[in-house]
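This report refers to the structure that appears directly beneath it.
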Amino acid sequence: MEKNEVRLTSMVKTSGCAAKLPPAVLHSVIDNLPLMHSDRLIEGFESADDALVYEVTDDIVSVQTVDFFPPMVDDPFSFGQIAAANALSDIYAMGGEPNVAMNLLCFPSCLPISVMDQILRGGIDKVRESGAVIAGGHTIADPTPKYGLCVTGFMKKNDVWSNKGARVGDALVLTKAIGVGVVNTALKGGEASSEAASAALASMTRLNKMGRDAARDLDVHAATDITGFSLMGHSLEMATASSVTIEIDSSLVPLIPEAEELARFGFLPEGMYNNLDWISGKVQFAPYLRQSIKDLMTDPQTSGGLLLSLPLTDAEKVVERIGKPYCAIIGRVKEKGDFGVELK
């Protein structure tokens, strides 16, 4: 980046998926909206699933999602890559293959057009890697830069994954490390190391295609991706939709290098407090847990990994195929208890 160029992160208050509306506020509105019914609509927003599913023929469905946010890195090309990977992730979380995408771009008039060019090229890079194509989009002038995609995939109806369906006895697999929200917050303050920054960037730009491919031929009972509502928040959504309790062992959750140390120093994104407010009374934290660990489990993730609920033998295959340390079995599914999620 040129010396005189504006730092993208200096133009925003909240970054990436941490910019999502507080989940409690969001649910207070959408939970009271009238549902629109269609015989062909298989998945809407009622269970907080990752994408809508619409029947095209008796065997084929379209899976559609939209996602965009302000930058969490200064490099415009990297920002485009991350935003695209994050939007594509919702299709992978449904077990699908992205086919076509459209750009969504809000761009400040004070920035040079070369920055817009690089953001869009970053998006193209990841969409091309996914095997999909970008076919147009929409742009508006806005003081805060924002970028993302509307993505559609087509797949067989019986192959669709959902965030509901987790079964008692299932193991839970997480396919990416946790902590990018904390690391990105520290980076804005100039406090994270180059190792932590590189690990966070590599995680955010890595497509969840790898996680989807590793589990595609296995017995996946439920799936979601971990983004702005944190590991705790998205686990809670899965538990609620499936009428079960999810138990997570925090010692098994892979972390971005330095993430816990940075959390201890107080580099905590605003979205973390929104997540804590939302899960209050629904998630049980073991009393012996360090505060830094509890903070990381509610850290908003940008382009986070997949959370998969499947039989233990299949879960072990996923970890073997992706490889440690960033893919791990982190917990299990239990009979529904007093809490949606129990963190130990």
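Keep in mind that the numbers below use all heavy atoms, side chains included, and drop hydrogens, waters and symmetry copies. Throughout, numbering of the chain's residues begins at 1 and tracks the sequence.
No side-chain donor from either of Glu270 and Asn274 sits under 3.5 Å from a side-chain acceptor of the other. Side-chain polar atoms of Asp299 and Gln301 form a donor-acceptor pair below 3.5 angstrom. Inspection of the Ser303 and Asn86 side chains reveals no N or O donor paired with an N or O acceptor under 3.5 Å. Between the side chains of Asp249 and Ser251, at least one donor-acceptor pair of N or O atoms lies under 3.5 Å.
With rounding to the nearest 0.5 angstrom, the NZ atom of Lys317 is 5.5 Å from the CG atom of Asp314. Ser230 contributes atom OG, which lies 8.0 Å from atom CG of Leu276 (distance to the nearest 0.5 angstrom). If you take NE2 on His221 and OG on Ser162, they are separated by 12.5 Å, rounding to the nearest 0.5 Å. Separating the CD1 atom in Ile119 from the OH atom in Tyr147 is a distance of 8.5 Å, to the nearest 0.5 Å. Asp295 contributes atom CG, which lies 11.5 Å from atom CZ of Arg290 (distance to the nearest 0.5 angstrom).
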Chi angles and distances behind the salt bridge (charged side-chain N to carboxylate O under 4.0 Å, His left out) call for Glu97, Arg212: CA-CA 9 Å; Glu97 189 85 38; Arg212 191 282 314 270; 2.9 Å; yes
Side chain to side chain contact (heavy atoms under 4.5 Å, CB included) evaluation trace for Ser309 with Met238: CA-CA 9 Å; Ser309 177; Met238 180 185 286; 4.2 Å; yes
Stepwise salt bridge (charged side-chain N to carboxylate O under 4.0 Å, His left out) check, Arg121 with Asp125: CA-CA 6 Å; Arg121 286 181 185 275; Asp125 179 68; over 6 Å; no
Steps toward side chain to side chain contact (heavy atoms under 4.5 Å, CB included) verdict (Val133, Val127): CA-CA 6 Å; Val133 294; Val127 172; 5.6 Å; no
From CA spacing to verdict: side chain to side chain contact (heavy atoms under 4.5 Å, CB included), Val63, Leu52: CA-CA 6 Å; Val63 183; Leu52 71 81; over 6 Å; no
Test side-chain hydrogen bond (donor to acceptor under 3.5 Å, both in side chains) applied to Asn163 and Thr224, step by step: CA-CA 5 Å; Asn163 71 344; Thr224 190; 5.3 Å; no
Derivation and outcome, side chain to side chain contact (heavy atoms under 4.5 Å, CB included), residues Leu268 and Leu262: CA-CA 8 Å; Leu268 305 173; Leu262 293 169; over 6 Å; no
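Counting only heavy atoms from C-beta outward, the side chains of Val319 and Lys324 approach each other to under 4.5 Å. Residues Asn275 and Tyr273 form no side-chain contact, since every pair of their non-hydrogen atoms from C-beta on lies 4.5 Å or further apart. Residues Glu191 and Phe267 have side chains in contact (heavy-atom distance under 4.5 Å, counting atoms from C-beta outward). When side chains are defined from C-beta on, Asn103 counts as touching Leu120, because their heavy atoms get closer than 4.5 Å. Residues His138 and Cys150 have side chains not in contact (no heavy-atom distance under 4.5 Å, counting atoms from C-beta outward). Between Ile60 and Lys156 the shortest side-chain heavy-atom distance falls below 4.5 Å. In this structure the side chain of Leu201 reaches within 4.5 angstrom of the side chain of Ser78, judged on heavy atoms. Counting heavy atoms from C-beta on, the side chains of Leu307 and Ser235 come closer than 4.5 Å.
Closest heavy-atom contact between Ala85 and Thr205: CB-O, 4.2 Å. The heavy-atom pair separating Phe69 from Phe79 by the smallest distance is O-CZ, 3.3 Å. When all heavy atoms of Thr152 and Gln64 are compared, the pair lying nearest together is OG1-NE2, 3.1 Å. Shown here for Thr227 and Gly304, the closest heavy-atom pair between the two residues is CG2-N, 4.4 Å. Between Gly233 and Ile279, the closest heavy-atom pair is CA-CG2, 4.2 Å. When every heavy atom of Val183 is checked against every heavy atom of Ala200, the shortest pair comes out as CG1-CB, 3.9 Å.
The environment of Gln291 atom CD is dense: over 12 non-hydrogen atoms of other residues, nucleotides or ligands sit within 6.0 angstrom. Environment of CD in Glu316: crowded, with over 12 heavy atoms of neighbouring residues, nucleotides or ligands closer than 6.0 Å. Counting non-hydrogen atoms of other residues, nucleotides and ligands closer than 6.0 Å to CE of Met210 gives a total of 12 or fewer.
For the pair Arg7 and Asp74, the salt-bridge criterion is met [side-chain N within less than 4.0 Å of a carboxylate O]. A salt bridge links Glu342 to Lys334: at least one charged side-chain nitrogen sits closer than 4.0 Å to a carboxylate oxygen. Note on Asp217 versus Arg321: salt bridge recorded, some NZ/NE/NH1/NH2 to OD/OE distance being below 4.0 Å. Taking a cutoff of 4.0 Å between a charged side-chain nitrogen and a carboxylate oxygen, Arg264 and Glu261 do not qualify as a salt bridge.
The main-chain N or O of Ile113 is never found under 3.5 Å from a side-chain atom of Asp117 such that the two would form a donor-acceptor pair.
For the side chain to side chain contact (heavy atoms under 4.5 Å, CB included) with Val333, the qualifying choice from Leu310, Val244, Thr245 is Val244, the only one to do so.
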